[in-house]
Amino acid sequence: MELKLAAHPPFSLSSVVFSHGWIRLAPFVEDKATGGLRYVLRLRSGRAVDLAITEADGGVLAATDAALGPDETAEAGDAVTWMLGLDQDFSAFYERCRHEPKLAHAQGAARGRLLRSATLFEDVVKTLLTTNTAWSGTVRMNAALVDLYGEPATTDDTRRAFPTPAALARTSVEELRAGPRLGYRAPYVLELARAVDSGELDLEALKRTELPTPELRKRLLSLKGVGGYAAGNLLNLLGRYDFLPVDSWALKMVSQEWHDGQAVTPADVEAAFAAWGEWKGLAYWFWDWNSAS
DNA sequence: GGTAGACCTGGACGC
DNA sequence: GCGTCCAGGTCTACC
């Protein structure tokens, strides 16, 4: 199957792929040969297909060796559109950037889109795995979850999809501690998986909700293990940029950028980008920091 | 509303 | 090789 998908201009696949660290988290894989990426997508039919996504004129080409029916093809197209934010329009953000040298590169480099997973469930779990650990720990825990509980791709059983809520709901806290070594995060991931699997929690509905951002943030904060940083990160992935994912890196960057290396608080980070209003998150993500370390 | 301590793991460091 | 310390967000209990 090959599927051509158009993107709202300007668009750069590499800009999305390297927008943040998600490309390092399975089942995402950077495809250095093409400059694109691969991702194992689990379809509603239960099949897992290994997608190769490359940049094409005006958008992307999504291809897989698996033969897909019309419904599966449409589902894959919707998933890729969501993951890459192909329909997102950042013209208002770019207008603001024209007056800010630190973001002068944004439009030319087609900055704005943040790589996201096929489901919000996957992005919430991944965000939980970023909390209170080094990045190497996040990569390790995520890879273990995929290896242990992910559906193998139909055409390559060495590649696996991210585990479904049902697959994780069948585990136990003890198993999630011992296998993927999630530590204290195990009960949070299990509770989330069981709530989604049972239908008690419809996370995917939040992708297109028209709830005001503060209300949506409250919903996210009600999830066990999701605090201010995690909620900010998830809001940004959902296309809501008026809250920041303030973590230790943000504190360090703002300290170096505006406070001569002196310690700053989360309130200082918020204040630094307050003028950006509904675009705070994007200004933060793509700011040309004095120190990129 | 603000704060302290616990949670868990891996990496850095000293011995 | 072993033990200790620390970093990384969130939760809970307490004030």
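Throughout, a chain's letter reflects where its sequence line sits, starting with A, and its residues are numbered from 1.
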(message) Looking at dG10(B), I'd like to know if its phosphate oxygens (OP1 or OP2) sit under 4.0 Å from a side-chain N or O belonging to Arg181(A).
(response) yes
(request) Inspect the contact between Asp147(A) and Arg160(A) and indicate whether a charged nitrogen and a carboxylate oxygen are less than 4.0 angstrom apart. (result) no
(message) Whether Glu100(A) and Arg96(A) form a salt bridge (side-chain N of Lys/Arg under 4.0 Å from carboxylate O of Asp/Glu) is what I want to check.
(response) no
(request) Take the C1' atoms of the five end pairs on each side of the helix from dG1(B)-dC15(C) to dC15(B)-dG1(C), get both axes, and report the angle to 10 degrees. (result) 40°
(request) Take the protein atom CG of Asn233(A) and the nucleotide atom C1' of dG8(C), then report the distance between them rounded to whole Å. (result) 14 Å
(request) Send over the distance from Leu129(A) CG to dG10(B) C1', rounded to a whole Å. (result) 15 Å
(request) Calculate the interatomic distance between Met141(A) atom CE and dG9(C) atom P; express it in whole Å. (result) 12 Å
(message) For a quick check under 3.5 Å, do Thr265(A) and Asp268(A) share a side-chain donor-acceptor pair by atom type?
(response) yes
(message) By nearest atom, which of the nucleotides dT10(C), dC7(B), dG10(B) is closest to the Ser136(A) side chain?
(response) dG10(B)
(message) Quick check with a 6.0 Å cut-off and a 45 degree axis cone: is Arg116(A) positioned over the face of Trp22(A)'s six-membered ring?
(response) no
(request) Using a strict 4.0 Å threshold on nitrogen-to-oxygen distance, state whether Arg177(A) and Glu174(A) make a salt bridge. (result) no
(request) Please say which of Trp285(A), Phe286(A), Trp287(A) ends up in a ring-ring contact (aromatic ring centres under 6.0 Å, His included) with Phe273(A). (result) Trp287(A)
(message) Within the 3.5 Å criterion, strictly below it, is a donor on Lys102(A) or Asn290(A) matched to an acceptor on the partner's side chain?
(response) yes
(message) By the 4.0 Å heavy-atom rule, please label Ser248(A) as base, sugar-phosphate, or nothing.
(response) sugar-phosphate
(request) Figure out the CZ/P separation between Arg185(A) and dG10(B), and round it to whole Å. (result) 10 Å
(message) In whole Å, I'd like the distance from the CG atom of Leu244(A) to the P atom of dG9(C).
(response) 14 Å
(message) Just the rounded figure in Å: distance from P of dA7(C) to CH2 of Trp135(A).
(response) 21 Å
(message) For Arg24(A), is there an ion pair with Glu30(A) - N to carboxylate O distance below 4.0 angstrom?
(response) yes
(request) Write down the distance between CG (Leu128(A)) and P (dG8(C)), rounded to a whole number of angstrom. (result) 19 Å
(request) Starting at atom OH of Tyr229(A), determine the distance to atom C1' of dT10(C), rounded to an integer number of angstrom. (result) 12 Å
Could you pull out the protein-nucleic contacts involving nucleotides 11-15 of chain C (nitrogen or oxygen on both sides, under 3.5 Å)?
from    : atom 1 : to        : atom 2 : distance (Å)
dC11(C) : OP1    : Gly225(A) : N      : 2.7
dC11(C) : OP1    : Val226(A) : N      : 3.4

(message) Using a 3.5 Å distance criterion without hydrogens, assess whether the side chain of Arg194(A) forms a donor-acceptor pair with backbone atoms of Ala169(A).
(response) yes
(message) Side-chain N or O of Arg140(A) versus OP1/OP2 of dG10(B): is the shortest distance under 4.0 Å?
(response) yes
